[in-house]
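Convention: sequence-line order gives letters A, B, ...; per-chain numbering from 1.
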Amino acid sequence: MTDRYDPHVIEPKWQARWEADGLYRATVDANRPKHYALTMLPYPSGNLHIGHWYAMTPSDARARYMRMKGYNVLFPMGFDAFGLPAENAAIKDGIHPIERTYTNIDHMRDQLKSMGTMFDWEREAISSDPEFYRWTQWFFSKLFQNGLAYKKHSPVDWCPQCQTTLAREQVWGEDRHCERCGTPVIKKALDQWYFRTTKYADELLDFDGLDWPSQVRDMQTNWIGRSEGASVVFETESGDQIEVFTTRPDTLWGATFMVLAPEHPLVTRLTTDEQRSAVGAYIEAATRQTEIERESTEKEKTGVFTGGYAINPVSGERIPVWIADYVLMTYGTGAIMAVPAHDERDFAFARMYGLEVRLVVRPPDSPGLNGAAMQEAWAGEGVMVNSGPLDGIAAGKGDGQSVKAAIAWLKEHGRGEGAVTYRLRDWLISRQRYWGAPIPIIYCPEHGQVAVPDDQLPVVLPEDVEWLPTGQSPLKLHPTWSQTTCPACGRPAERDTDTMDTFMCSSWYHLRYLSPHFEKGPFDPAEYDYWMPVDTYTGGAEHATMHLIYTRFFHKASRDMGVTKGPEPMLQLRNQGQILGPDGQRMSKSRGNVVDPDAQVSQFGADTVRAYLAFGYEWSEGGPWSDNNIQGPARWLNRVWGIAQPAGSAAEPDATTVQSLKRAQHIAIRDVSDDLEAFKFNTVVSSLMEYTNSLYRFREVAEGSPSWAEAVDTLVLLAAPITPHLSEELWSLRGHPYSVHQQAWPVFDPAMLKEDQVEVVVQVNGKVRDRIMLPPEAPESAATAAALAAPRVAELVDGKTPRKVVYVAGRLVNVVV
RNA sequence: GCCGAAGUGGCGGAACGGCAGACGCGGCGGUCUCAAAAACCGUUGAGCCACAAGCUCGUGUGGGUUCGAAUCCCACCUUCGGCACCA
């Protein structure tokens, strides 16, 4: 009689042993192939939730599998420890963010250890440690010195709840809300630091060599929003130049007016005295509108004539210049040429204000159409008309078509050229908050913006600050902190009092893991050369257009600054889905549907929770938590425990039994390996369950025999990535040397799958009517004969000659009559 | 409006163009038990049928390709994610 399976005894026991032995320490070993497995690090909120388990434990299973396959695996963990919640809590209850953050980290580290993950804790990196953010600041300085960081005064997104500016990526949804707190953002004009992400727009569009989900690639591609066209220069009557961007330069002959954004710098100069009050009132009204109101596509188009005129550079015609809020200062040049006949928005505007609509692309089906008669804009194909040199050319972007011809014409006449515009904006990284890495810039009356010299980094965040809900960073209110001297001239100067977007920390944390205590640089180059790039990166898809763009930018910029190597930081990316509450809704405290992983672990043990999270969902999809469904994996673990107890010794069973036992064993090896490889954790567990079930069927005839021992050992090994504690305990009970996690992964032998006879389905006209036994490689003639001889088939064929017979060896015969 | 993903039993979910529903939950029946729980064994898509054999239907809807379609193609519906006056 063996002891009951008790995870509460074996799990802490093995966790302590693994830690004491440093079993998961990863060190550079040039003789072994490396595998850098990375999973997104948590924010130290105070408690791990089930979503962390869902993200991390399958990732851990795969890292363990790679390790058993012979790779030298680096699987680190750390904390993205700067950020608003800690600071907001400080304002509320006075507990210092440092205290709260590090208390939370201590607790969460223990929770992470309770998962039974193979994290190498000696490589832990915490982004709020001065030895970490020293290098975050160093990266800022590097970018500044290389012209990739700059300060600009401009209207920016401000979250009134978080009391700070946000990057464009961090403003979400139709109502333009803050990604963190959900509050709609407002516009403020402020001096802020930016990184030149747009410089890398084209390179960021290139995913060559990356094994990333197409959804993420598509989202990034859409986000970057490359669009090809031309820039065209219009001249005003007063001689000013207005540059516009258009994707349809071929329709230039149909441009009957221009529209500028209300904020456009030339508006004042263009506006005539008669129009000045109307224009002023319109601009006033536009500024008062919220971003949401202004950018609503439902809204009717409004605008005001400036009184000024420009010259259409192709026709020489005098066309009126209007302002309208449907033209955005933040895209292109903030000015457009309006071609009402072929643009929906321009058409609506022209009809509203009675402006001329001139057809320049004649649709194929409407030979008599003219601008005045049009009911809607025509954006389709056709032939160019009313367009001078372009007349008769087919409208389109292809070779020999109108767009290319128009660009050639513009170039030839010096009025414009081919151009590309992106939707992507530069990354705004200033934050008006305390709990972040200070921006290492000093403002000197003499020398302007001066980077803090590397040997004076880090610029340490002062601890003696006051928590006031003023909407100003405590750094700004600190009496002395910002006062310093200029590194260039030594005269009194001031520090920047903003801190950096915490997405900066996560843009390079994977490099700090390489050598978290290295003092000569952000990472030890020897570690970098061995481990980088990250081979497998796992995490949530919600980071597609934030972290995952930033970190690619960071890597490419760092490469150009000679810091990193290679085109990309992370080769393979996989996203897990989300675990919902048992009610199918997103988990939240207010709904009361939050599943606490600690409670599940104390009820079932970590291995069961791991197995359930792997088994219950298609990993990339996620789904609702179920207290019922976890019973399945819980029972399975008990069954593994029961079948894998040491079993004395017995003679081999008959050869047929041995053969089918080995067959089951090798099917399991094949399926579990393939599915772990492919992140299909649910079928990994179901294959293990099937194999366990078949061992129960063999138990009576085979238990104790050498084949049985091998079959059971194989189960213990195959389960080790999913249930590391259970496998370790069973491996030890079965008398094998520690540790199961240092064993080689079982090797699949296809020869073990060979069978003398296989069941072949016989179809008549595509419907299954019978089954016959055949050798797997039976020739078609024999298979056909056997199929036709099958009683049910003979009956249905009824003496007729089959019109056709389809034979798939080892699978089916389809008789068509 | 644009880009993308997904629709399969009561439920979670499986299925290289080849036996739909693996594996599990739940249900039902049984073994064990004084009994219950646990554990173990069996069974479980729907319909026709007393039962079985057998047949029919069945992967969001409608078409198509194919000897054969959950899978490929076309059109549509629904849900979800992202973007959206982007010139």
Inspect the surroundings of CD in A/Glu759 and state if more than 12 heavy atoms from other residues, nucleotides or ligands are less than 6.0 Å away. yes

B/G4 versus B/U8 - spacing of their P atoms, nearest Å: 22 Å

Determine the interatomic distance between P on B/U43 and the same-named atom on B/C25; round to the nearest Å. 15 Å

Indicate, with a heavy-atom threshold strictly under 4.0 Å, whether A/Glu542 touches base, sugar-phosphate, or nothing. nothing

Scan A/Glu759 against the nucleic acid and name what it touches under 4.0 Å (heavy atoms): base, sugar-phosphate only, or nothing. base

Which part of the nucleic acid does A/Val806 contact within heavy-atom distance under 4.0 Å: base, sugar-phosphate only, or nothing? base

Give a yes/no on whether any side-chain N or O of A/Arg697 is located under 4.0 angstrom from OP1 or OP2 of B/G42. no

According to a strict under-4.0 Å criterion, is A/Arg811 in side-chain N/O contact with OP1 or OP2 of B/C19? no

Within the 6.0 Å centroid threshold, strictly below: A/Phe257 and A/Phe349: yes

Just call it for A/Asp343: base, sugar-phosphate, or nothing, with non-hydrogen atoms closer than 4.0 Å on any strand. nothing

Take atom CZ in A/Arg586; do more than 12 heavy atoms of anything else shown fall under 6.0 Å from it? no

Determine the interatomic distance between P on B/A53 and the same-named atom on B/G45; round to the nearest Å. 13 Å

May I ask you to say what A/Arg168 touches in the nucleic acid, namely base, sugar-phosphate or nothing, with a heavy-atom cut-off under 4.0 Å? sugar-phosphate

Salt bridge check: are A/Asp250 and A/Lys397 linked by an N-O gap of less than 4.0 Å? no

Base, sugar-phosphate or nothing for A/Arg771? Non-hydrogen atoms, less than 4.0 Å. base

